[in-house]
Amino acid sequence: MLKNLIKKIPGNVRMAKLLGLIPQQPDERKFLLEMLPRQSVGAEIGVHMGDFSQNIIEAISPRELHLIDPWEYQASSVYETAWYGGGAKGGQTEMDERYSSILSRFNKNIHAEQVTVHRGYSTDILQQFPDQYFDWVYIDGNHLYEYVKKDLELSFQKVKPGGYITGDDYTEGHWWKGGVKKAVDECAANQSVQLVEIRNGQFIFRKSNESVPLNNMTTSS
Ligand SMILES: C[S@@+](CC[C@H](N)C(=O)[O-])C[C@H]1O[C@@H](n2cnc3c(N)ncnc32)[C@H](O)[C@@H]1O
């Protein structure tokens, strides 16, 4: 019903998806899932209710999938329309419930040591892994510029040469004021970085074999 009403207003569907009113269609990220290697080791930064985590498991049957999210309610007005701010009407209780629902949803995968749930901020959690540990990282956590920039830097460090650094919501505006786009564009301007594709709001980088730390590289911007 809500979905049909939203569809009648031009341009509203993407906005509604971003606000969590209707779920993002798996088809929009199908091309990305098809590109990720099967049986690989990956991390999803920003898990929410685990819908995309489920898509990842079904599509590529990862050897290890690390799910990273603090499930922490943000009271600041900056996050008024974020899923983990004003969008979580039940505050921290709701965030705790989301975390518990993830543990139940992936219970079987956790016991099979395929899925590991890390409750914490991406910068803290990623740092605990050795460099070049992952085949890919999917960045969909805090979309503010400084956070995405840091997530990109750390992901380039933690992904193997030839691996993928990818993520969601490459778009102008919204509550994060185009922070994802700004950080991704800056990263793409870097001569040593290979931007593979931007499609359906998804961005995909491939780490070159030279493996230069992102924060040590000079950009053209
Ligand atoms: C857009 S949702 C993730 C949606 C999920 N990737 C999907 O496609 O179903 C953003 C999530 O990022 C989490 N988050 C916020 N700040 C974060 C941070 N610094 N590190 C990791 N996750 C964060 C929030 O708690 C929220 O669950």
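Bear in mind that the values here come from a model prediction, so they are computed numbers and not experimental data. Counting starts at 1 for both ligands and their atoms, in listed order.
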Do ligand 1 and [X] have nitrogen or oxygen atoms that lie under 3.5 Å from each other?
X      : answer
Gly46  : yes
His143 : no
Asp140 : yes

Handout entry: Option passing side-chain contact (heavy atoms from CB on, under 4.5 Å) with Phe106 (candidates Thr116, Val115, Val117)
Key =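 Checked Thr116, Val115, Val117 against Phe106; only one passes side-chain contact (heavy atoms from CB on, under 4.5 Å): Val115.
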Considering only heavy atoms of [X], which atoms of ligand 1 have at least one such atom less than 4.0 Å away?
X     : result
Asp69 : 11 (C), 12 (O), 13 (C), 22 (N), 24 (C), 25 (O), 26 (C), 27 (O)
Glu44 : 5 (C), 6 (N), 7 (C)
Ile45 : 21 (C)
Phe52 : 7 (C), 8 (O), 9 (O)
His48 : 2 (S), 3 (C), 4 (C), 27 (O)
Arg29 : 7 (C), 8 (O)

Problem - Short side-chain to backbone donor-acceptor contact, Asp69 and Val47, under 3.5 Å - result: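 Side chain of Asp69 to backbone of Val47: a pair is present.
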Exercise for the section: Using the ring-ring contact (aromatic ring centres under 6.0 Å, His included) rule, pick out the option among Tyr147, Trp176, Tyr84 that qualifies with Tyr79. Expected result: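 Filter result, single survivor: Tyr84.
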Practice task
Test Phe205 against every option in Tyr164, Trp136, Tyr170, Phe156 by the ring-ring contact (aromatic ring centres under 6.0 Å, His included) rule and name the one that passes.
Solution key: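 Considering Tyr164, Trp136, Tyr170, Phe156, a ring-ring contact (aromatic ring centres under 6.0 Å, His included) with Phe205 is found only for Phe156.
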Problem - Non-neighbouring partners of Gln127 that pass side chain to side chain donor-acceptor pair (under 3.5 Å), sequence neighbours left out - result: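 Counting only residues at least two positions away or on another chain, Gln127 forms no side chain to side chain donor-acceptor pair (under 3.5 Å).
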Problem - Which residues share a side chain to side chain donor-acceptor pair (under 3.5 Å) with Asp151, sequence neighbours left out - result: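 Result, side chain to side chain donor-acceptor pair (under 3.5 Å) vs Asp151: Ser122.
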Problem - Residue portion contacting ligand 1 (non-hydrogen atoms closer than 4.0 Å) for Asp168 - result: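 Near ligand 1, Asp168 shows nothing, with every heavy atom at 4.0 Å or more.
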Exercise for the section: Indicate, as side chain, backbone, both or neither, the part of Lys150 found under 4.0 angstrom from ligand 1 when only non-hydrogen atoms are considered. Expected result: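 Near ligand 1, Lys150 shows nothing, with every heavy atom at 4.0 Å or more.
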Practice task
Take atom CD of Gln92 as the centre, draw a 6.0 Å sphere, and report whether it contains more than 12 heavy atoms from other residues, nucleotides or ligands.
Solution key: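 Atom CD in Gln92 is crowded, with more than 12 foreign heavy atoms closer than 6.0 Å.
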Problem - Distance under 6.0 Å and angle within 45° of ring axis: Lys158 vs Phe129 - result: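 No, Lys158 does not sit over the ring of Phe129.
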Practice task
Look at ligand 1 and say whether Met49 reaches it with a heavy atom at a distance under 4.0 Å.
Solution key: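 Under 4.0 Å: no for Met49.
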